[in-house]
A.B. asks: 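Pasting a structure here, questions to come.
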Amino acid sequence: MDPKEIEKKWQARWEKNKLNGFDKKSQAPKYYVLEMFSYPSGAKLHVGHWYNYGPADSFARFKRMQGYNVFQPMGFDAFGLPAENYAIKTGVHPKDSTEKNIETMEGQLRAMGAMFDWSAEIKTCEEDYYKWTQWMFLQFYKKGLAYRKEAPVNWCPSCQTVLANEQVIDNRCERCSSEIVRKNLTQWFFKITDYAEELLNGLDGLDWPEKTKNMQRNWIGKSTGCEIDFDCEQGGKIRVYTTRCDTLFGVTYLVLAPEHPLARTLTTPEQAEAVEAYINYAAKANEIERLSSTREKTGVFTGSYAVHPLTGKRIPIWLADYVLASYGTGAVMAVPAHDERDFAFAAKYGLPVEKVIEKQGGETELPFCEDGIVRGSLEFDGLVGEEARDAIAARISKLGRGGKKVNYRLRDWLVSRQRYWGAPIPVIHCEKCGAVPVPEKDLPVRLPYDVEFRPDGKSPLAKHEKFMHTVCPNCGAPALRDPDTLDTFVCSSWYYLRYTDAHNEKEPFSREEADRLLPVDTYVGGAEHACMHLLYARFFTKALRDMGYLDFDEPFRRLVHQGVILGPDGNRMSKSHGNIVSPDDYVNEYGADAFRLYLMFGFSYTDGGPWNDDGIKAIARFMDRVEKIVLKGASYRGDKTPYGPEEKALAYARSFAVSRVTKDLEAFSFNTAIARIMELVNAIYKYDGLAEKNVPLLKETLRDLILLIAPCAPHFAEELWEQTGGKGSVFEQSYPKEDPAALQLDEKEYAVQINSKIVCKAMIPSSCSDQEAESLVKELPEVSARLEGKTVKKCVVVKGRLINLIVG
RNA sequence: GCCGCCGUGGUGGAAUUGGCAGACACGUCGGACUUAGGAUCCGAUGGGCGACCAUGCAGGUUCAAGUCCUGUCGGCGGUACCA
């Protein structure tokens, strides 16, 4: 069988018979299988694409054969930095290179033979898509979920652009390697923090890898603590946030972040110079560096004092950059005795340490940061941990000086980028009216083609006069467009919705279609998106639900991460390692089906691992064996139907394989699924060696073999199906079902144990009761010899497996 | 540092979730058929001559532990002064 020929033949036929599409008229239950869409980079599909899409497609085909109306769309995440960088390097316009790449990749994806519904294809860089991305922005804006604020961001002075945290490597710009500075800039944010609590709670009900859910939990970082107001001697007050208000009596100083609004006003004239110098110093250090715990703590005294809310004690106020402006209130109460950071800082600057917590039953060694017994704290003495916190927080709250407060580590999502290749932010800046959203009827705000995107100190769109100059939709006065574009994660936060209604010109999607097809039943993609795309998409879904566009809470009911195929040397495949394995050579030599089968069989899907091709010949041999036995079986004639132990064994092997393969495919355990099919093939070969065959049984088993293999080797199975006289497409057949009767063997082999040591094995009727099994076993010579003069205290029977006699 | 995951033959990897450890393959060895074999088919293959010993190491629970608990070493991923 020539793989190239049959691939072409069946792909054409599937296309013609619309076998790959979602059937909108079908009554069958829907099943939405989604793989994370591709970034149209380079020109070729790499092993990673195959590893993601091949097995996932087998899963989709399997669901189809199970009777579901499967929707499996594909598209391209086409905006983004790589295309722009490529343009800067080569001068090829991002639009041109992206379109070319998409065309190539589309062809290659089709050649894989996956069951993609191309009628729903989307490309995020096309007007009819990004128009709706902009529309999303406007809805978020209307709802108060998109806002502009000044915030510290990573700024590359050479590229003159804001960079995302991921684009900062070792405090340097990934593009030009110049040092990053922190800068306060006015940027657009999405208020994802409004949904922090729901994003956290919603995780519990999701069928996602625990690992990923945990990463999101940590990322959201909920913490319950207490806010406390400290009066300043010179007037005003400072609000601090703490999770350890039980240590309130151990406060020896307060610390404000250098960016804290009160930092300068609290500074006394004598300290002004030192404070100013320190604020400047802190502004230069970037956030990554600041957060490094190995870095020595620095700070400066403001010269002024606050008053302890419960004791009235004078407390010096310091600035230090180990306190973050963006978390809590940007100010903390320092308790050196019970916090490592405060302890180190106090030691360096000679600040006092006051112990107010004692370890229960042991020496208290400072800093002691665990829960313990409260001491030296007036009437709170003797309380422990949570009860102490509750009591002190209640007091604070009664005094009107704060109280319990929940904080999240999650920050709002910075969505504006000073880049060209993205969706323009649909906002117009008017001198009189301020930031005015572009009216929906004027969408899309088109991304102009003739733009100078080479970096020369200005944001690319800002230099495009025709793009920038417009009139204010509000007052009609001349106004400027927002020169920024949206983070590409905005585009990918709603693409699974657009798929359901990809050509709708009036709305981003119709509610009817979305509610019908969503949520995605199984979503497959890399684990690297755990705290980015997967979190943003959940946020979008919840926000759109609250705006009344959707009727469900979570976009992805079940999530599966494929592992990563590494280079043969165990490193990530990359040009710099020189360890890239091209799928093309293998596909050319063995065919798409064989390559896909090998990826499924040779690796544990969720683990991946270093590439090696030791087993690929085994797959070719396996397919060869299947073809031979299937075609040979088809040539048999006769209705002689012996039915003895061999036939029973074959029927058992068939049913066992069906039962296990079904479970394994459902669980994305592809390697064991293929192993089970190989076992069945071995059983069929064994049976075929018999002189007297039950031909109808053999043929039925071979038919099931083709069906079992079909999701994993689609072209191959179609061809066998046709050659053996099957009607229609193999994917119109239903997946084989196990026969419970065949799985009921008359007798099963039990391991017979005495005190958990195996004594012998015995065939025991599978229908017999525990007691019957026990007495049967006692009759066995191996057993009775050893039981001589001993009594059986207990008998443990594990059905179908073993009988364990426990002897005193 | 903290959180999470993982350590099983020469190799990739199984183990119905506490029940015959090493399925299914690769590789190796032996055999058959061949002028030939890097094709195909058949057999053997964790270690030990053996009783037995084996799932990183040391303990524990249990009739029974790769699986559960405690400690420890090693690897991977996430996060990093979040008060």
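Hydrogens, waters and symmetry mates play no part in the numbers below; they use all other heavy atoms, side chains included.
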A.B. asks: Parallel, tilted or perpendicular, judged at 30° and 60°: which one describes the rings of A:Tyr652 and A:Phe656?
C.D. replies: parallel
A.B. asks: Name the residue closer to the 5' end of RNA chain B, choosing between A:Asp624 and A:Thr672 according to the nucleotide with the nearest heavy atom.
C.D. replies: A:Thr672
A.B. asks: Check every strand shown and say whether A:Lys663 touches a base, only sugar-phosphate, or nothing at a heavy-atom separation below 4.0 Å.
C.D. replies: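 No contact.
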A.B. asks: Over all strands shown, is A:Gly570 touching base, sugar-phosphate only, or nothing at heavy-atom distances under 4.0 angstrom?
C.D. replies: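 A:Gly570: no heavy atom of the nucleic acid under 4.0 Å.
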A.B. asks: Provide, to the nearest angstrom, the distance between the CZ atom belonging to A:Phe601 and the P atom belonging to B:A23.
C.D. replies: 12 Å
A.B. asks: Fit a plane to each ring of A:Tyr586 and A:Phe595, take the angle between them on a 0 to 90° scale, and name the class: parallel (under 30°), tilted (30 to 60°) or perpendicular (over 60°).
C.D. replies: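 Geometry flag for A:Phe595 against A:Tyr586: parallel rings.
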A.B. asks: May I ask you to say what A:Phe622 touches in the nucleic acid, namely base, sugar-phosphate or nothing, with a heavy-atom cut-off under 4.0 Å?
C.D. replies: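 The answer is nothing, as A:Phe622 stays clear of every strand by at least 4.0 Å.
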A.B. asks: Do A:Leu665 and A:Phe670 come within less than 4.5 Å of each other through their side chains, counting heavy atoms only?
C.D. replies: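 Sidechains of A:Phe670 and A:Leu665: in contact.
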A.B. asks: To the nearest Å, how far apart are A:Tyr605 OH and B:C24 C1'?
C.D. replies: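 In whole Å, B:C24 C1' lies 20 Å from A:Tyr605 OH.
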A.B. asks: Could you tell me whether the side chain of A:Asn218 has a donor or acceptor atom within less than 3.5 Å of a complementary atom in the base of B:C3?
C.D. replies: no
A.B. asks: Which nucleotide in the set B:A83, B:C26, B:C24 lies at the smallest distance from any side-chain heavy atom of A:Asp614?
C.D. replies: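 Taking heavy atoms from C-beta onward, the closest nucleotide is B:C26.
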A.B. asks: Specify the separation, in whole Å, of atom CD1 of A:Ile619 and atom C1' of B:G13.
C.D. replies: 13 Å
A.B. asks: In whole Å, measure the gap between the C1' atoms of B:G47 and B:U55 for me.
C.D. replies: 14 Å
A.B. asks: How far, in whole Å, is B:G46 from B:G1 if one measures between their C1' atoms?
C.D. replies: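 Result for the C1' pair: 40 Å, nearest Å.
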A.B. asks: The side chain of A:Ala675 is closest to which nucleotide in this list: B:A23, B:A64, B:A83?
C.D. replies: B:A23
A.B. asks: Separation of A:Met600 atom CE from B:G13 atom P, in whole Å?
C.D. replies: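 After rounding, the gap between these two atoms is 16 Å.
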A.B. asks: Can you name the one residue among A:Asn52, A:Thr212, A:Thr606 that meets side chain to side chain donor-acceptor pair (under 3.5 Å) with A:His561?
C.D. replies: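 That would be A:Thr212; it is the only one of A:Asn52, A:Thr212, A:Thr606 passing the side chain to side chain donor-acceptor pair (under 3.5 Å) with A:His561.
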A.B. asks: For A:Ser604 and B:G12, is the shortest distance between a side-chain N/O and OP1 or OP2 below 4.0 Å?
C.D. replies: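 For B:G12, neither OP1 nor OP2 has a side-chain N or O of A:Ser604 closer than 4.0 Å.
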A.B. asks: Students often mix this up, so state it plainly: with edges at 30° and 60°, are the rings of A:His308 and A:Phe230 parallel, tilted or perpendicular?
C.D. replies: perpendicular
A.B. asks: Have a look at A:Arg621 and say if it touches a base, only the backbone sugar-phosphate, or nothing, with a 4.0 Å heavy-atom cut-off.
C.D. replies: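 Sugar-phosphate contact only.
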A.B. asks: In whole angstrom, give me the gap between the P atoms of B:C3 and B:A21.
C.D. replies: 36 Å
A.B. asks: Between B:C57 and B:G9, how far is it from one P atom to the other, in whole Å?
C.D. replies: 10 Å
A.B. asks: Using whole Å, what does the distance between atom P of nucleotide B:G13 and atom CG of A:Asn612 come to?
C.D. replies: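 A:Asn612 atom CG is separated from B:G13 atom P by 9 Å.
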A.B. asks: Mind checking the C1' distance from B:A39 to B:U45? Whole angstroms is fine.
C.D. replies: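 Their C1' atoms lie roughly 23 Å apart.
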A.B. asks: When the P atoms of B:A64 and B:G19 are compared, how many Å lie between them, rounded to an integer?
C.D. replies: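 Nearest-Å result for B:G19 against B:A64 at atom P: 14 Å.
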A.B. asks: Would you kindly compare A:Arg676 and A:Gly221 by the position of their nearest RNA chain B nucleotide and give the one closer to the 5′ end?
C.D. replies: A:Arg676
A.B. asks: Which part of the nucleic acid does A:Glu210 contact within heavy-atom distance under 4.0 Å: base, sugar-phosphate only, or nothing?
C.D. replies: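 Result for A:Glu210 = nothing.
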A.B. asks: With A:Asp229 as reference, evaluate A:Arg401, A:Lys405, A:Lys237 under the salt bridge (charged side-chain N to carboxylate O under 4.0 Å, His left out) test and give the passing residue.
C.D. replies: A:Lys237
A.B. asks: Relative to the ring of A:Phe249, is the ring of A:Phe380 parallel (under 30°), tilted (30 to 60°) or perpendicular (over 60°)?
C.D. replies: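 Aromatic pair A:Phe380/A:Phe249 classed tilted.
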A.B. asks: Within the 4.0 Å heavy-atom criterion, would you say A:Asp607 contacts the bases, only the backbone, or no part of the nucleic acid?
C.D. replies: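 Nothing, no nucleic acid heavy atom in range.
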A.B. asks: With a 3.5 Å cut-off and heavy atoms only, can you find an N or O donor on one side and an acceptor on the other between the side chain of A:Lys617 and the base of B:C26?
C.D. replies: no
A.B. asks: Where does RNA chain B form stems of at least three consecutive Watson-Crick or G-U wobble pairs, each pair having both distances below 3.5 Å?
C.D. replies: B:1-7 with B:73-79, B:10-12 with B:24-26, B:27-32 with B:40-45, B:56-60 with B:68-72
A.B. asks: Is the ring pair A:Trp318/A:Tyr253 parallel, tilted or perpendicular, if the boundaries are 30 and 60 degrees?
C.D. replies: perpendicular
A.B. asks: Just the rounded figure in Å: distance from P of B:U79 to CH2 of A:Trp219.
C.D. replies: 6 Å
A.B. asks: For the P atoms, the ones on B:U34 and on B:G10, what distance do you get once it is rounded to whole angstrom?
C.D. replies: 38 Å
A.B. asks: Would you indicate what A:Gln753 reaches in the nucleic acid, counting non-hydrogen atoms under 4.0 angstrom: base, sugar-phosphate, or nothing?
C.D. replies: base
A.B. asks: Could you check if the base of B:U34 is syn or anti? Syn means the glycosidic torsion is within 90 degrees of 0.
C.D. replies: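 Base orientation relative to the sugar is anti.
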A.B. asks: Does A:Arg409 have a side-chain nitrogen or oxygen under 4.0 Å from the phosphate oxygens OP1 or OP2 of B:A80?
C.D. replies: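 So the side-chain polar atoms of A:Arg409 do come within 4.0 Å of the phosphate oxygens OP1 or OP2 of B:A80, strictly under.
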A.B. asks: Heavy atoms under 4.0 Å, any strand shown: does A:Ile758 hit a base, just sugar-phosphate, or nothing?
C.D. replies: sugar-phosphate
A.B. asks: Using only side-chain N and O atoms of A:Asn671, determine if any of them is under 4.0 Å from OP1 or OP2 of B:C24.
C.D. replies: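 So the side chain of A:Asn671 is outside the cut-off, no N or O lying under 4.0 Å from OP1 or OP2 of B:C24.
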A.B. asks: Would one find a side-chain N or O of A:Asn682 under 4.0 angstrom from OP1 or OP2 of B:A25?
C.D. replies: yes
A.B. asks: When you compare the side chain of A:Leu248 with that of A:Thr242, does any pair of heavy atoms fall below 4.5 Å?
C.D. replies: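 Heavy-atom side-chain distance check fails, nothing below 4.5 Å.
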A.B. asks: With rounding to the closest Å, how many angstrom separate the C1' atoms on B:C33 and B:C41?
C.D. replies: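 Those two atoms are separated by 8 Å.
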A.B. asks: Could you state the NE2-P distance from A:His529 to B:G78, rounded to the nearest angstrom?
C.D. replies: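 Rounded to whole Å, this separation is 13 Å.
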A.B. asks: State whether A:Tyr750 places a side-chain N or O below 4.0 Å from either non-bridging phosphate oxygen (OP1 or OP2) of B:C20.
C.D. replies: no
A.B. asks: Within 45 degrees of the axis of the six-membered ring of A:Phe189 and under 6.0 Å from its centre: does A:Lys149 put its NZ or CZ there?
C.D. replies: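 Positive - A:Lys149 is close enough to the ring of A:Phe189 and near enough to its axis.
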A.B. asks: Taking O4'-C1'-N9-C4 for purines and O4'-C1'-N1-C2 for pyrimidines, is B:G48 syn (within 90° of 0) or anti?
C.D. replies: anti
A.B. asks: Rounded to whole angstrom units, what separation is found between the CG atom of A:Asp770 and the P atom of B:G19?
C.D. replies: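 Answer to the nearest Å: 17 Å.
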A.B. asks: Counting heavy atoms from C-beta on, name the nucleotide in B:A25, B:A23, B:A83 closest to the side chain of A:Ala618.
C.D. replies: B:A25
A.B. asks: Categorize A:Gly602 for me: base, sugar-phosphate, or nothing, with a 4.0 angstrom heavy-atom threshold over every strand shown.
C.D. replies: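 Since only primed, P, OP1 and OP2 atoms lie under 4.0 Å of A:Gly602, the category is sugar-phosphate.
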A.B. asks: Against the six-membered ring of A:Trp50, is A:Arg596 placed for a cation-pi contact (under 6.0 Å from the centre, within 45° of the normal)?
C.D. replies: no
